[in-house]
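Single-structure report; data block below.
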Amino acid sequence: MDGNGRWAKQRSHPRVWGHVRGSAVVSTIVEEADNLGIEALTMYAFSSENWSRPQTEVRVLFNLLFKFLKKERERILKNNIRFRIMGDVSNLPEQTKKLIAQLEGETAHHTGLKLTFAFGYGARSEIAYAVNRFMKANPGKEMSEDDLNEFLMIPDLGDVDLLIRTGGDHRVSNFMLWQIAYAEMFFTETKWPDFTVTEFRFIIEQVAKRERRFGAIAPTANLETNVIVARENQRLIRG
Ligand code: FPP
């Protein structure tokens, strides 16, 4: 969700105003993802690198998270949404940590949209975290890809299908590096506070048209190959 600061500066407002407007957009996109029946939506709200921002900005972001939880709790509960935070929240204010724990507990059995906020999150530390936990649990054992999947912060999120970055930069910035191995990427110039449900839908429609091959060859080529192999087999059988 990039571009908040520049959005605000262009309007001669302090950077944090962009975050405030951006948090309203978070609510609309969550609602739309839920309406569309999307399985999981993970929003990068605060990276481990964001700790180096001015204290006032960090405090505003904490505050926005707190307000979001308060404001959206009822809707999350009513709509069967499973809410979780992925990252290190140990430095958040006690009352925010309490709200997070409460909502995570209340929605633990929910089967609808998996809504996750990556907060205090960095993908490299997530991978290190997974490796360390695995080694502790399985001393001396070699780690497989499945093992790493299993020891990630939220294993059931699975692989990312689509990564959208707003704000015009074409970077991944330490976001779910392991899980995006085969993700489709969409980079838009739109700054996050200007991001709309219409653009969200447009991106999903565009990406749905792309062919995903996961390292294999195109399905049509596969079909052609199958036909050639079948013909060759028949020729061999007939002698
Ligand atoms: C990057 O924009 C964005 C962030 C660091 C924070 C994203 C947070 C929100 C959208 C609001 C949080 C809301 C909730 C509900 C947790 P930037 O400041 O780096 O923008 P810039 O690249 O234009 O400077």
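Residues: numbered from 1 along the sequence shown. Just so you know, ligand 1 is whichever comes first in the structure, and atom 1 is the first atom listed for that ligand.
Using a 4.5 Å cut-off on side-chain heavy atoms (C-beta onward), Leu148 and Phe134 make no contact.
Nearest protein heavy-atom contact of atom 21 (P) of ligand 1 is Arg6 NE, 3.5 Å. In terms of protein heavy atoms, atom 15 (C) of ligand 1 is closest to Phe68 CB, 3.6 Å. The protein heavy atom nearest to atom 19 (O) of ligand 1 is Arg53 NH2, 2.8 Å. Looking from atom 5 (C) of ligand 1 to the surrounding protein, the closest heavy atom is Asn50 OD1, 3.5 Å. Protein heavy atom nearest atom 18 (O) of ligand 1, with residue, atom name and distance: Arg15 NH2, 2.7 Å. For atom 13 (C) of ligand 1, the nearest protein heavy atom (residue, atom name, distance) is Ser23 CB, 3.6 Å. His19 CE1, 3.7 Å is the protein heavy atom nearest to atom 4 (C) of ligand 1. With respect to atom 10 (C) of ligand 1, the closest heavy atom belonging to the protein is Asn4 ND2, 3.3 Å.
Near Asp2, the atoms of ligand 1 lying under 4.0 angstrom from a non-hydrogen atom of the residue are 1 (C), 2 (O), 17 (P), 19 (O), 20 (O), 21 (P), 22 (O).
Residue Trp192 touches ligand 1 through its side chain alone, judged by heavy-atom distances below 4.0 Å. Counting heavy atoms closer than 4.0 Å to ligand 1, residue Lys9 contributes nothing at all.
No side-chain donor-acceptor contact under 3.5 Å links Thr190 to the backbone of Thr166.
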Checklist entry - Can you check salt bridge (Lys or Arg N to Asp or Glu O under 4.0 Å) on Asp156 and Arg84, steps first, answer last? => result CA-CA 12 Å; Asp156 66 272; Arg84 280 172 291 186; 2.8 Å; yes

